[in-house]
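A short write-up of the structure that comes next.
Here the structure is a predicted model, which is why all the values come from computation and not from measurement.
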Amino acid sequence: PEDSNLTQEDVSLSWNASDADGDTLEYDLDIYDQDGRVVNDDSIASKSISKTLSDGEYTWNITARDIYNSNTVSDNISETESFLVDTTRPVKSKSGLNINNSTETIPEQNDTVTIYSKWSDNFYMDRVVIYDSQTDTNKTVTLENDDWANKTINAENISAGTLDYTVYAFDHLGNLEKYSNSASVE
């Protein structure tokens with residue numbers, strides 16, 4: 001087993017084991033949650049298995065047992081490895097436009113506009129990418145969990161028409177949440 005991170009609930013685990021005498025091996029798979037509780041304790045004959053697990057941090061190991069005449073004659077326990085299952089997208093808690101650092105709600109030409117959003121994740125945020133149609137550019141903001149991402153468009157770049165903006169929020173495993181909005185610029 002090797003450490004890894006997954007973005008799906010279906011987890012495929014596999015391992016290598018052999019017996020010097022060519023005897024049949026059986027395997028005990030133990031999976032533990034972050035609190036050390038057993039979530040799986042299968043005994044199987046194959047060297048792989050698929051499991052469906054909810055979001056969380058897990059550890060696992062394999063015990064290979066040498067079976068002779070239906071008796072265990074020896075066993076060998078693998079190192080304990082860890083993995084993370086994260087299928088949850090980031091969550092936007094607040095978003096909008098700030099115009100000239102005031103309470104204005106409709107941007108006008110030559111206003112300074114800040115696109116803002118606040119994001120959180122069940123594990124760790126990675127980054128937010130903010131795109132706006134007025135400057136036709138992206139800004140990437142690296143985030144800690146439960147943090148703000150802002151992009152300011154300077155006054156000289158705001159013109160009459162529509163300000164379309166899209167915010168892409170990524171957690172550390174690449175789960176994506178997208179938020180789009182627009183505002184008329186007078």
Would you say [X]'s side chain and [Y]'s backbone share a donor-acceptor pair under 3.5 angstrom?
{"X": "Asn40", "Y": "Leu29", "result": "yes"}
{"X": "Asn98", "Y": "Asn101", "result": "yes"}
{"X": "Asp111", "Y": "Glu108", "result": "yes"}
{"X": "Asp19", "Y": "Asp21", "result": "yes"}

Between [X] and [Y], does any side-chain donor sit less than 3.5 Å from a side-chain acceptor?
{"X": "Thr88", "Y": "Asp55", "result": "yes"}
{"X": "Thr137", "Y": "Thr135", "result": "yes"}
{"X": "Thr52", "Y": "Asp10", "result": "yes"}
{"X": "Ser180", "Y": "Thr166", "result": "yes"}
{"X": "Ser133", "Y": "Tyr165", "result": "no"}
{"X": "Tyr124", "Y": "Asp86", "result": "no"}
{"X": "Lys47", "Y": "Asn16", "result": "no"}

Close side-chain approach of [X] and [Y], heavy atoms under 4.5 Å:
{"X": "Val39", "Y": "Trp60", "answer": "no"}
{"X": "Arg127", "Y": "Met125", "answer": "no"}
{"X": "Leu163", "Y": "Ile153", "answer": "yes"}
{"X": "Val85", "Y": "Tyr58", "answer": "yes"}
{"X": "Asp42", "Y": "Ile49", "answer": "yes"}
{"X": "Ile31", "Y": "Leu13", "answer": "yes"}
{"X": "Asp121", "Y": "Val91", "answer": "no"}
{"X": "Asp66", "Y": "Leu25", "answer": "yes"}

- [ ] Say whether Val141 and Tyr131 are linked into one hydrophobic cluster, either directly or through other cluster members, by side-chain heavy-atom distances under 4.5 angstrom.
- [x] no
List the atom of [X], the atom of [Y], and the distance in Å for their closest heavy-atom pair.
{"X": "Ala169", "Y": "Pro90", "value": "O-CG, 3.6 Å"}
{"X": "Val113", "Y": "Pro107", "value": "CG2-CB, 3.9 Å"}
{"X": "Ser46", "Y": "Trp15", "value": "O-CZ2, 3.2 Å"}

Applying salt bridge (charged side-chain N to carboxylate O under 4.0 Å, His left out), name anything that partners [X], two or more places apart in sequence or on another chain.
{"X": "Asp28", "value": "Arg65"}
{"X": "Lys151", "value": "Asp132"}
{"X": "Asp35", "value": "Arg37"}

TODO: For Phe83 and Leu53, run side-chain contact (heavy atoms from CB on, under 4.5 Å): C-alpha distance rounded to whole Å, both residues' side-chain angles, the deciding distance at 0.1 Å, then the answer.
DONE: CA-CA 11 Å; Phe83 64 94; Leu53 298 170; 3.7 Å; yes
Would you give the length of the straight line joining atom [atom1] of [X] to atom [atom2] of [Y], rounded to the nearest 0.5 angstrom?
{"X": "Ser82", "Y": "Gln34", "atom1": "OG", "atom2": "CD", "result": "11.5 Å"}
{"X": "Tyr32", "Y": "Thr80", "atom1": "OH", "atom2": "OG1", "result": "7.5 Å"}
{"X": "Thr87", "Y": "Asn175", "atom1": "OG1", "atom2": "CG", "result": "7.0 Å"}
{"X": "Gln109", "Y": "Gln134", "atom1": "CD", "atom2": "CD", "result": "9.0 Å"}
{"X": "Ser78", "Y": "Asp30", "atom1": "OG", "atom2": "CG", "result": "9.0 Å"}
{"X": "Asn150", "Y": "Ile130", "atom1": "CG", "atom2": "CD1", "result": "6.5 Å"}

Task: Hydrophobic cluster (4.5 angstrom, side-chain heavy atoms) - remaining members for Trp148 - done: Tyr116
- [ ] May I ask you to list the residues sharing a hydrophobic cluster with Val129, side-chain cutoff 4.5 Å, ordered by chain and number?
- [x] Tyr168, Phe170, Leu176
- [ ] List the steps, then state whether side-chain contact (heavy atoms from CB on, under 4.5 Å) holds for Phe123 with Leu84.
- [x] CA-CA 9 Å; Phe123 288 102; Leu84 175 71; 3.3 Å; yes
- [ ] Any chance you could lay out the side chain to side chain donor-acceptor pair (under 3.5 Å) test for Ser182 and Thr162, step after step, and finish with the verdict?
- [x] CA-CA 7 Å; Ser182 62; Thr162 302; over 6 Å; no
- [ ] With sequence neighbours excluded, give me every salt bridge (Lys or Arg N to Asp or Glu O under 4.0 Å) pair touching residues 153-171.
- [x] none
Open item on the list: Before you tell me yes or no, could you show the steps for Thr63 and Tyr27 under side-chain contact (heavy atoms from CB on, under 4.5 Å), namely the whole-Å CA-CA distance, both residues' side-chain angles and the distance that decides it to 0.1 Å?
Closed with: CA-CA 6 Å; Thr63 301; Tyr27 307 98; over 6 Å; no
Open item on the list: Apply side-chain contact (heavy atoms from CB on, under 4.5 Å) to residues Leu97 and Ile115 and explain how you reach the verdict.
Closed with: CA-CA 5 Å; Leu97 297 178; Ile115 301 166; 3.6 Å; yes
